[in-house]
There are 2 protein chains.
Amino acid sequence: MTPAIRTVHWGTGAMGSHALRIAARTPGLAVAGVVSQRSAAHAAATLAREAPGAAGAVAGDDLAGVVARCGGADVVLLATHGHLVDLEAQLTAAFELGLRVVCIGEDAIYPAAVDAELARRLERLAQRRGVAMVGTGANPGYVMDWLPMVLTAATAGWTSIRVRRASSLAPFGETVLRSMGVGLSPEQFGAAAARGEIDGHVGYGASVAFLAAGLGVPLEIVDDVCEPIVRERPTELDGHSHPGGVVVGVDQRCRAVAPTGQTVTLEHPQRLGRLEGEEPLHDLIEIDGGELLRARISPALDGGIATVALMINLIPALVNAEPGIHTIASLPLTPFHAPAAQGRVAAANV
Amino acid sequence: MTPAIRTVHWGTGAMGSHALRIAARTPGLAVAGVVSQRSAAHAAATLAREAPGAAGAVAGDDLAGVVARCGGADVVLLATHGHLVDLEAQLTAAFELGLRVVCIGEDAIYPAAVDAELARRLERLAQRRGVAMVGTGANPGYVMDWLPMVLTAATAGWTSIRVRRASSLAPFGETVLRSMGVGLSPEQFGAAAARGEIDGHVGYGASVAFLAAGLGVPLEIVDDVCEPIVRERPTELDGHSHPGGVVVGVDQRCRAVAPTGQTVTLEHPQRLGRLEGEEPLHDLIEIDGGELLRARISPALDGGIATVALMINLIPALVNAEPGIHTIASLPLTPFHAPAAQGRVAAANV
């Protein structure tokens with residue numbers, strides 16, 4: 001029998017905790033440790049809550065200490081930051097310890113597009129230490145980039161690719177909702193946006209860079225719009241309560257073009273739930289090359305479930321991968337762990 | 001600049017000719033030769049018709065001769081037979097010449113499931129000669145196996161996977177239509193089926209074996225049904241003319257189960273075109289693991305376009321692959337050629 005792959009979980013937020021819970025019940029994986037920079041006590045509490053049966057697993061506030069105490073590990077599941085500049089020290093620490101990394105930070109999907117020099121530094125270190133890394137996630141990383149690539153592989157070429165993801169903000173916490181301007185009046189939203197306080201979806205750059213690399217076409221973003229979605233009716237759902245006439249989400253659109261004239265349009269309206277008469281929650285991928293290929297996922301992929309599933313399922317491929325910075329497209333989709341991680345993982349648990 | 005990858009096209013039927021045409025206009029590929037076992041003249045005529053601008057390309061009735069005369073090649077695009085027993089000599093010939101192979105024979109999707117000993121022989125030879133091979137196609141190879149794997153990677157597990165492909169037989173020639181029993185009365189269909197003359201879709205075994213390997217779950221086919229589709233109205237479309245009350249296609253269903261209780265159901269109704277009121281042509285993939293993931297491609301993927309696109313797009317990954325028998329799931333989805341193969345490739349040209 002193949003020995004279990006030993007995982008260390010760095011990051012104890014919603015995604016990190018969810019991944020820990022799934023890893024703990026996935027045959028072939030053994031939870032070796034949990035790291036929280038907040039405190040060792042917080043790491044220990046998370047470990048006890050999410051993976052109470054993980055024999056020999058240790059918790060702490062620094063990776064090196066945890067890895068030393070747990071007797072070594074294979075892969076770090078990194079769910080801490082979205083920006084590469086914040087991830088660098090953590091990736092470096094993991095690489096220096098000879099650990100592979102699966103990372104769900106947005107910038108990790110295609111690091112070279114964010115900071116080419118930093119990405120080269122990481123690549124060199126990964127090569128030197130003989131370890132591989134991959135960034136993944138539902139979006140960026142899957143719905144708006146990898147899945148379109150997979151579908152494009154079955155087409156005779158394309159002139160335009162359009163992805164529309166209409167999803168719900170209901171599973172998210174106050175931090176995300178605030179960054180979307182939820183609850184503001186349209187005027188307040190405008191002012192907040194002018195002050196740079198509305199983040200919206202931050203994965204367009206990563207998706208476009210990943211698509212460009214995967215499809216072998218240089219793509220440049222020429223348009224990036226973020227508008228408020230105002231619901232005239234009051235919102236009462238899943239513990240969210242807002243009067244009519246306020247912002248309940250954002251409608252973002254990004255357009256990228258290639259010198260060939262090929263265009264990629266990524267649309268991402270997100271709102272608090274869905275009231276009757278509003279656009280159904282779904283993912284739509286349209287690839288036009290004369291024949292139109294139209295794929296629709298309905299309801300929209302659950303971002304939390306998909307992100308964690310991809311993290312877990314990429315581990316076997318990562319363990320066998322050549323050293324360096326990978327994408328999901330540069331790794332073979334080998335037998336993965338999903339079948340073992342059976343059962344319902346409700347969005348509410350994400 | 002990377003030198004072009006030199007392709008030899010073995011097989012001059014509908015798919016082989018189509019692949020030749022696309023390869024000839026794909027930057028990064030250079031058509032080096034065409035092989036037809038029918039005759040050298042037939043190979044030459046196909047080359048002249050489909051790739052008139054292919055400088056230095058040669059045609060002939062044997063692979064070794066063509067490769068010697070054209071000055072060497074990298075990849076054989078093999079579109080001759082569906083059954084492994086018929087493919088073995090051709091694969092062996094290619095491997096012995098140190099050539100990689102992309103093959104669209106149904107059995108090539110997962111050779112070990114068809115004949116484990118023969119597959120081992122091919123694997124050993126490929127290893128010895130340092131060449132890689134991959135089988136591909138729209139179905140088997142993509143709609144009913146790889147695409148479900150790609151989607152499953154984003155789920156928290158599954159208890160059942162269902163794929164339904166409702167496609168049209170209109171693009172196919174008389175040979176295929178006859179193997180489906182098109183034009184027969186229901187009684188004649190029953191008699192023909194009893195004599196073993198109705199082939200229907202022959203890819204279920206390959207798809208189930210590929211899914212089992214990709215998902216890491218042993219699957220056994222427990223049910224495999226092929227029923228006639230009788231259209232009461234007359235059929236008048238695309239040069240096909242049939243009175244009402246005759247067979248216009250087949251409805252096939254295959255069910256496989258794992259010891260875990262997980263089930264895979266593959267449904268493939270195919271009929272001549274689609275009249276109003278009949279089921280829309282589409283591909284549906286449903287993955288149930290508590291949450292239901294439902295992806296629908298509408299209209300159904302064009303089998304000819306997709307098969308040829310996959311052949312072409314897998315070439316770069318194959319050229320860089322480790323020696324041995326691959327699947328599309330064991331190859332990285334690297335930058336591929338699709339964007340170059342732009343423009344409309346009508347189903348009628350397939």
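Chain naming here is simple, since letters A, B, ... match the order of the sequence lines and numbering starts at 1 in each.
- Contacts between B:Leu293 and chain A at a heavy-atom distance below 4.5 Å involve the side chain alone, from C-beta outward.
- With chain A as partner, the option from B:Leu151, B:Val308, B:Thr327, B:Ile328 having the largest number of non-hydrogen pairs under 4.5 angstrom is B:Leu151.
- Contacts of A:Arg164 classified as salt bridge (Lys or Arg N to Asp or Glu O under 4.0 Å), with partners at least two apart in sequence or in another chain: A:Glu267, A:Glu279.
- In this structure, B:Asn313 contributes its side chain and B:Leu310 its backbone to no donor-acceptor pair below 3.5 Å.
- Residue with the most contacts toward chain A among B:Ile297, B:Leu301, B:Thr307: B:Ile297 (heavy-atom pairs, distance under 4.5 Å).
- Residues passing the side-chain hydrogen bond (donor to acceptor under 3.5 Å, both in side chains) test with A:Glu322, sequence neighbours excluded: none.
- Only the side chain of B:Leu147 comes within less than 4.5 Å of a heavy atom in chain A; its backbone stays farther off.
- Atom CZ of A:Arg165 sits about 5.5 Å away from atom NE2 of A:His268, to the nearest 0.5 Å.
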